[in-house]
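Notes for the one structure printed next.
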Amino acid sequence: MAVVVRPRVDLFAGEVRQLLTGSTGQVVSFIRSVARKVRTRAVLKCPVDTGRLRAAHREEVGVRAGQVYGFVENDVEYAAAVHDGTGAHVIRPRRAGGMLRFETGGQVVFTSLVNHPGTRAQPWLREAMEEVAVPEGFRLVRS
């Protein structure tokens, strides 16, 4: 005679929701872990002049409308220009009739405009995402 065991597991919607989207659930914990690693890598890869850009990284993880989200950002006003680079552009004084003052080659220069050649992109945040999140199974998509 054979013995048959039929185990039964009941998963209640509330318990599943808590597991997936609860503040201590496994999914939120995993996203938090990846976001923290991305932020750490981004801080290390960030170009540094004064240190302001490097110090401004922040991460956020949460649940909105039943969806778990996580992101790392840097909201310093010039972060996008450093990250994505800039094309050639003209720099003018802020005030009408004003002058720009800067030093070059040990000389102080005053002028009414500068034709800036642009800057190369330094995509440290994207590189951090590629190095950390992609191996964890995430896909990077352009928004």
Side-chain angles (χ1 to χ4, degrees), residues 3-96 98-143:
V3 176
V4 177
V5 177
R6 294 188 178 136
R8 178 177 166 177
V9 177
D10 291 327
L11 295 176
F12 298 102
E15 292 168 338
V16 171
R17 192 176 316 109
Q18 183 65 25
L19 177 70
L20 296 176
T21 62
S23 62
T24 59
Q26 291 179 350
V27 174
V28 172
S29 295
F30 174 67
I31 299 296
R32 183 174 289 115
S33 168
V34 173
R36 185 168 295 123
K37 289 175 189 174
V38 169
R39 185 186 54 120
T40 300
R41 182 69 54 94
V43 166
L44 294 173
K45 295 182 79 60
C46 181
V48 179
D49 184 14
T50 64
R52 182 171 170 225
L53 189 64
R54 177 173 274 179
H57 291 88
R58 79 176 190 92
E59 67 192 70
E60 183 176 319
V61 175
V63 180
R64 187 177 303 130
Q67 299 286 319
V68 179
Y69 69 90
F71 62 83
V72 176
E73 71 176 357
N74 190 312
D75 60 3
V76 170
E77 65 274 4
Y78 57 87
V82 174
H83 191 271
D84 301 331
T86 62
H89 58 281
V90 174
I91 301 173
R92 298 183 193 281
R94 290 187 179 135
R95 290 187 214 108
M99 298 293 283
L100 298 170
R101 178 194 182 277
F102 58 93
E103 290 184 35
T104 182
Q107 299 268 341
V108 176
V109 176
F110 292 92
T111 185
S112 59
L113 69 90
V114 172
N115 289 311
H116 194 286
T119 58
R120 69 176 176 81
Q122 299 179 69
W124 79 94
L125 275 170
R126 181 162 190 81
E127 290 170 0
M129 288 289 292
E130 289 170 348
E131 293 172 12
V132 174
V134 170
E136 294 285 356
F138 291 87
R139 269 185 311 120
L140 300 184
V141 294
R142 291 242 182 227
S143 57

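- Heavy-atom minimum distance, Ser112 versus Pro93: O-CD, 3.0 Å.
- Atoms CE and CZ, from Met99 and Phe102 in turn, are 10.0 Å apart once rounded to the nearest 0.5 Å.
- Here the options are Val132, Val34, Val72, the test is side chain to side chain contact (heavy atoms under 4.5 Å, CB included), and the partner is Arg39; only Val72 passes.
- Note that CG of Leu44 is 6.5 Å distant from CZ of Arg54, once rounded to the nearest 0.5 Å.
- In this structure a side-chain-to-backbone donor-acceptor pair under 3.5 Å is present from Thr86 to Thr119.
- Taking 4.5 Å as the limit, every side-chain heavy atom of Val61 sits out of range of all side-chain heavy atoms of Phe30.
- Counting heavy atoms of neighbouring residues, nucleotides and ligands inside a 6.0 Å radius, atom CD of Glu77 exceeds 12 of them.
- Salt-bridge formation is not detected for the pair Arg41/Glu130: no Lys NZ or Arg NE/NH1/NH2 atom is positioned less than 4.0 Å from an Asp or Glu carboxylate oxygen.
- The CZ atom of Phe110 sits 5.0 Å away from the CZ atom of Arg101 when rounded to the nearest 0.5 Å.
- For the atom pair CZ (Arg94) and CG (Leu100), the distance works out to 10.0 Å, reported to the nearest 0.5 Å.
- Note that CG of Asn115 is 10.0 Å distant from NE2 of His89, once rounded to the nearest 0.5 Å.
- What you find for Leu53 and Asn74 is that their closest heavy atoms are O-ND2, 2.7 Å.
- Taking the side chain as every heavy atom from C-beta outward, Arg52 and Tyr78 approach each other to under 4.5 Å.
- Trp124 and His57 have perpendicular rings, their planes meeting at more than 60° on a 0 to 90° scale where under 30° would count as parallel.
- Using modelled atom types, one side-chain atom of Thr40 and one backbone atom of Arg36 make a donor-acceptor pair closer than 3.5 Å.
- Expressed to the nearest 0.5 Å, how far CG of Leu140 lies from CE of Met129 amounts to 5.0 Å.
- Shown here is Arg58, whose CZ atom has more than 12 heavy atoms of other residues, nucleotides or ligands within 6.0 Å.
- Across every non-hydrogen atom of Val63 and Tyr69, the tightest pair is N-CE2, 3.6 Å.
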